[in-house]
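One structure is given below, encoded as structure tokens.
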Protein chains: 4
Amino acid sequence: MKSDDVAAPRHRGNRHGRSEQARLAVLEAADDLLVEKGFAGVTVEAIAASAGVAKQTIYRWWSTKTDILLDAFLQDAAEDLVVPDHGDLGPDLRDYLRRLTHFLTRSDAGAVLRALLGHAQHDPGFAAVLRTRFLDEQHDRDRLAIERAVHRGQLPADLDVAAEVDQLVGPIYYRVLVTGSPVDEQFTDRLVGTFLRRVDGS
Amino acid sequence: MKSDDVAAPRHRGNRHGRSEQARLAVLEAADDLLVEKGFAGVTVEAIAASAGVAKQTIYRWWSTKTDILLDAFLQDAAEDLVVPDHGDLGPDLRDYLRRLTHFLTRSDAGAVLRALLGHAQHDPGFAAVLRTRFLDEQHDRDRLAIERAVHRGQLPADLDVAAEVDQLVGPIYYRVLVTGSPVDEQFTDRLVGTFLRRVDGS
Amino acid sequence: MKSDDVAAPRHRGNRHGRSEQARLAVLEAADDLLVEKGFAGVTVEAIAASAGVAKQTIYRWWSTKTDILLDAFLQDAAEDLVVPDHGDLGPDLRDYLRRLTHFLTRSDAGAVLRALLGHAQHDPGFAAVLRTRFLDEQHDRDRLAIERAVHRGQLPADLDVAAEVDQLVGPIYYRVLVTGSPVDEQFTDRLVGTFLRRVDGS
Amino acid sequence: MKSDDVAAPRHRGNRHGRSEQARLAVLEAADDLLVEKGFAGVTVEAIAASAGVAKQTIYRWWSTKTDILLDAFLQDAAEDLVVPDHGDLGPDLRDYLRRLTHFLTRSDAGAVLRALLGHAQHDPGFAAVLRTRFLDEQHDRDRLAIERAVHRGQLPADLDVAAEVDQLVGPIYYRVLVTGSPVDEQFTDRLVGTFLRRVDGS
DNA sequence: CCCTAATCGAGACGGTACGTCGTGTCTTTCG
DNA sequence: CGAAAGACACGACGTACCGTCTCGATTAGGG
């Protein structure tokens, strides 16, 4: 069970701690560079220059630029994807999928995530890290509304939640990452409608 | 009197047209490098060296390494995704989704496509090219089984085929590109089952 | 046949050889940097920048900055140390030692040589290279006046020329490299006087 | 080589004055590094690590690594170059030049001195310091035997001692620093012989 | 039947960014 | 307050690829 850590630890096992100021400057610089210049514009040298930090300071704490972007992403992304709780499955899902879509397509953090997912296709090691540090947790969030409904008895207890969730969010990611076709509310609401009819009928 | 060369003399350029030999060597080298060393191992210099070709010959015909990979991919990929035609929607879809999954997760061409989709996240221009040169056509293939069923009167004519297709293949791409969780036949068959119940009911 | 063949191949860097233009720019830049900013100012990056050349072009042809300086030195140094030939030992030696002193203490090439000799104290491998590529030849020049006198019968044939030469030039190098005290004509003439009395007496 | 470290309680600072233990550890580490890894191996970081001392402790007391080496050198070198006093000029000089040669070519301290002389060629400021802190004193030692002879009336009082000394030791330094040719007793004795004949005759 | 033009191999070039090393300064913690 | 620990900004290192640029050889077609 994970409990919320109070604050980032000031000391890292050493006698002294790293510079929080440098850490934040790096993360913000990486974020900004990605949004402004795209993935190719995110170079360690550009981050260092733009953060007013020495390259060695970056390499002391991160091993690759995607490592930096991941940290930057995690710092911002947490609060953007709060799962709503109206006490009713339909509104919860409709709301959540709209938020997810907005996050993926409109927010800066979403742009970072798309870049990271892109890089994960090129680097299996990073893919694993990305899953451990974000996607697993995100998957839990994706399930939350449905699991609450199961808890309330609104849905059968033996529902294969994982598969259902993938049918809900999969098409959204597919349009965002693959086809590039727009994801409007009609589309997400339709996904929810299909799902509700599917689980009601069964 | 002709001298018998043991090895066939290498094509060394001619006035009209490019060397097919060089073209194929480049495509194959790019493909091999991706499969063996990953995306980072695909460099123009490595392709040139491994294909026994001059860098300039590459730059004469392609502008980027992803351009090469896309060409290589298109050369192989076409036949791997033939849409089956059993005359019945259910078997057609089940068969096709299995093939698609196998293509995405098991084949070398699928590995190349995943790399290209990854790169498309970093380069909107390339994303557009990828859509024009492959994904649009692929989308048509994805629709084919359903459209044939519409033609046969098995499905209503006003069906929103695009949205339906995305609900069918979206979850597969999502698992492949995002979660990395396995896509087995149970999962694809379930997608088809859900779809058939959905369209029968409506 | 005319001897007026234009034998100045203007290579710009191609399959048939390196760029003479780049080579000269590098040597001159290294030389200038040494004279203007001292040995610490001679960095590969500064040479590259000041020569308008890529670092890799430098590393393609030289392995260390002292390698460059040695090349630069050899290019200039040759003509500065011509051995005079008045047909008489005394004037020859007096003249030569004055020239040597001027070379070591006043010329840019001398400054480079002092730097190279300094580096040779830190790097035995380079010391060996320096000997092979310059000092051996220089030693021959140092002996030349005396050997001519031996040839003329002015000096005994069994003279230990090497030891005599070291007694002539050694004190000059010593003052230049170690004590830093000035080397005037009185000092060099005295060395010659001592030598002549020594070999006449014996 | 580092002596076997007994786990003695390390000095950790006190209110009055610097740590003699740290000072000696630094000097010894610098010396050892020079002898074992050459001049390039002498870095402040390596000295600090190998002496078990913080970098700041080094910078508190020395300004450059050559400063450290000079201190280390002065600590050892003094006793190696005692001027003999047999009461006779010839034996004194012969003995002294042999000792000087041995010091320059065979001893660890000589290796340090050669490195320092090398560095002096790259850094005029350091050259001045080296003269002030060692070479002037050494020059006095070089003169001592001769001056004693002048005192005894063995040599004329108006002898230009400085010039004579340079003719004696110059060739030795020249061979050591420049040509790298061996300096044997025959060579040093010959220098003395030449000198004695020269001053006797005059 | 040479002449010409396109293409080939080879590889040097000016660059950008990489990841590492050493410098000298600074801050924190301990005794 | 000196010393150990070590993070920091800075600058240079030497390497890997990038995309461009000759060069000489090769080989059709057209003159």
Specify the separation, in whole Å, of atom [atom1] of [X] and atom [atom2] of [N].
X: K37(B); N: dC17(F); atom1: NZ; atom2: C1'; result: 15 Å
X: W61(D); N: dC1(F); atom1: CH2; atom2: P; result: 13 Å
X: R23(D); N: dG2(F); atom1: CZ; atom2: P; result: 16 Å
X: R60(A); N: dA5(F); atom1: CZ; atom2: C1'; result: 13 Å
X: E20(B); N: dT7(E); atom1: CD; atom2: P; result: 14 Å
X: R18(B); N: dG9(E); atom1: CZ; atom2: P; result: 12 Å

Quick one: does [X]'s side chain get under 4.5 Å of [Y]'s, heavy atoms only?
X: I47(D); Y: I58(D); answer: yes
X: L117(C); Y: Q121(D); answer: no
X: V44(D); Y: W62(D); answer: no

**Study point:** Residue pairs passing the ring pair (Phe, Tyr, Trp, His ring centres under 6.0 Å) test where at least one lies in residues 24-47 of chain A, sequence neighbours excluded
**Key:**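 Those involving residues 24-47 of chain A are F39(A)-H122(B).
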Point to revise | Helix axis bend for the helix from dT4(E)-dA28(F) to dG31(E)-dC1(F) - C1'-based end axes, five pairs, 10° rounding | key: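 End axes: 10° apart.
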Review point. Can you name the one residue among L113(B), L116(B), V129(B) that meets side chain to side chain contact (heavy atoms under 4.5 Å, CB included) with F134(B)?
Key: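 Answer after filtering L113(B), L116(B), V129(B): L113(B).
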Exercise for review: Mind checking W62(A) for me? I need base, sugar-phosphate or nothing, with any heavy atom below 4.0 Å counting as a touch.
Suggested key: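 No contact at all - W62(A) keeps every heavy atom at 4.0 Å or more from the nucleic acid.
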Review point. Mapping S63(D) and A22(B) onto DNA chain E by nearest heavy atom, which one lands closer to the 5' end?
Key: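 On the 5' side of the pair lies A22(B).
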**Study point:** Atom CD of E28(C) with >12 non-hydrogen neighbours under 6.0 angstrom
**Key:**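 Counting other residues, nucleotides and ligands, CD of E28(C) stays at 12 neighbours or fewer.
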Review point. Which pairs, with at least one residue in residues 34-49 of chain C and sequence neighbours excluded, count as a side-chain hydrogen bond (donor to acceptor under 3.5 Å, both in side chains)?
Key: E45(C)-K55(C)
Practice item. Strictly below 4.0 Å, heavy-atom distances to any atom of DNA chain F: list the hits from residues 44-59 of chain A, or just say none. Key: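 Contacts with DNA chain F under 4.0 Å: G52(A), V53(A), A54(A), Q56(A), T57(A).
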Check your understanding: Who pairs with S50(B) by side-chain contact (heavy atoms from CB on, under 4.5 Å), at least two apart in sequence or on another chain?
Key ->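 So S50(B) forms a side-chain contact (heavy atoms from CB on, under 4.5 Å) with A29(B).
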**Study point:** With sequence neighbours excluded, residues passing side chain to side chain donor-acceptor pair (under 3.5 Å) with E20(D)
**Key:** R23(D)
